[in-house]
Amino acid sequence: MADDGSAVSAAAAQLGFSSKEDALAKSLEYWNPGKTQFWIDEGIPLVIDRREGYFIYDMSGKRLLDVHLNGGTYNLGHRNPEVVAAVTSAMAHFDIGNHHFPSMARAALAEALVQSAPPGLTKVVYGSGGGEAIDIALKTARHATKRRKIVSIVKAYHGHTGLAVATGDERFSELFLSERPEEFPHVPFNDLDAMDAALRGRDVAAVIMETIPATYGFPLPEPGYLETVKQLCERYGTLYIADEVQTGLMRTGELWGITKHGISPDILVTGKGISGGMYPIAAVLVSERAAGWLTEDGFGHISTFGGAELGCVAALKALEICSRPETRSMVHYIAELVRSGLREIQATYPDWFVGIRQNGVVLGLEFAHPQGAKAVMRRLYEHGVWAIFSTLDPRVLQYKPGILLEPELVEELLMRTEVAIGAAARDVRGAAPRRAVR
């Protein structure tokens, strides 16, 4: 494939595209004009073609080291060979399956998830994506407590489906007339007084929390914050829902990020990475206290594609890879390499690169400009790295190395990041010092 986009891949030709410009034009016309135009205007007219490991390739042939990972969907890399092999083999026997009946694949994955989970989680309900899984979790909490209110944090993000969008920022809820503050109050992150005030009326079904809020730029919970929220939930008869869609599956150096806080949630939600990046699936793990509807009326939630059997096979392999001791060791090793390298870069640009928020390979890089992460994102793209700004705090770049990233690629990533951060500093402020590339 030519770097100028004059040739197209076999995949593009099979789909009927004559060029990258053709793909962009048809996306503007038939798919999502707002989103497509946004990326064109940002100077990132990315149309992903080939993908392999931790690299994605634009239709032009441009190679990008992926540290966005689609929110952790590609924790194990794009088209991880073990996951591909598992799904390919499964296609000789399985398909989506029939959601009404017991299933070998669903039962096997449910058992594996429960065995991997914090103590007390005993049943699994499936969805096809994270937003649906959040809806299941919220409905489950309402059934168990016979209460309607759901408390989330200001600038939360838990998906875009019917109930999930009401727990999130007004940017998304108001667009579809889904804001309902009387049922979905929001409290500031790390504010225990506000959380206590929200719960003390004993009318809240659940508190839902991302262990580290992703779309808000990965602000870290203050010491003892999540633990005290769980204690408040227990005091006031409220369930604790741990949204581990982005922080689960070894990204923090433990399989489930919430266990680093010693918390056993009443409900835990996983998605994105559990798919292995190969087949859509999400899951809700529930305690016996919350699982009553599964016995009372097992048809209470129906999802044709929830727990699709091919997805279960992909998830079983992804969970197994993430659970390996060597994977855990690799995450800790990568995290330390990245921490050390970023601190060196920060020391060069202390007035521009002002913060590093890190828990394992969950990182938010903070810059001294209201749109600073967008400037860095553009320069990273130019220099062969794909990372995305935080939608609800564009000062912060979401920076998420894969959990199996080879050490030599970590070094390449840091080198490219240093160049991009320096270039963005000059773009925005024009006064940051230069430093030779290692």
So does [Y] get a backbone contact from the side chain of [X], meaning a donor-acceptor N/O pair under 3.5 Å?
X	Y	result
R51	D49	yes
K155	T215	no
S116	L113	yes
Q346	F353	yes
Y54	N75	yes
R147	V204	yes
E296	G298	no
K62	L46	no
T140	A290	no
S275	K272	yes

Less than 4.5 Å apart, any side-chain heavy atom of [X] and any of [Y]?
X	Y	result
M377	E42	yes
L409	E412	yes
N190	P221	yes
E132	H301	yes
V84	M278	yes
L310	I96	no
D266	R289	yes
Y236	D196	yes

How many angstroms lie between [atom1] in [X] and [atom2] in [Y], if you round to the nearest 0.5 Å?
X	Y	atom1	atom2	value
N359	T247	CG	OG1	8.5 Å
E344	T348	CD	OG1	8.0 Å
L138	I134	CG	CD1	6.5 Å
S264	Y240	OG	OH	11.0 Å
Y225	M195	OH	CE	4.0 Å
L121	L268	CG	CG	6.0 Å

Query raised in the report: Is the count of non-hydrogen atoms from other residues, nucleotides or ligands lying under 6.0 Å from R343 atom CZ greater than 12?
Result: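 Not more than 12 within 6.0 Å, no.
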Distance-only polar pair, side chains of [X] and [Y], donor-acceptor under 3.5 Å:
X	Y	result
W256	T211	no
E309	S103	yes
D243	Y157	no

**Report entry** Y57 six-ring face occupied by R50 cation (under 6.0 Å, within 45°)
**Finding:**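 Yes, a cation-pi geometry holds between R50 and Y57.
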Query raised in the report: Ring centroid separation for F299 and H100, is it under 6.0 angstrom?
Result: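 Judged by ring-centre distance (under 6.0 Å), F299 and H100 do meet the cut-off.
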Query raised in the report: When the aromatic ring centroids of F218 and Y399 are compared, is their separation below 6.0 Å?
Result: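 No, the ring centres sit 6.0 Å or more apart.
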Are [X] and [Y] within salt-bridge range, i.e. N to O under 4.0 Å?
X	Y	answer
E320	R324	yes
K149	E182	no
E52	R79	no
E227	K230	no

[X] and [Y]: which non-hydrogen atoms are nearest, and at how many Å?
X	Y	answer
A133	A282	CB-CB, 3.9 Å
A108	L316	O-CD2, 3.8 Å
L199	V151	CD2-CG2, 4.2 Å
L249	I274	CD1-N, 3.2 Å

Requested in this report: Among Q358, K260, E244, find the one that has a side-chain contact (heavy atoms from CB on, under 4.5 Å) with T252.
Outcome: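 Exactly one pass, corresponding to K260.
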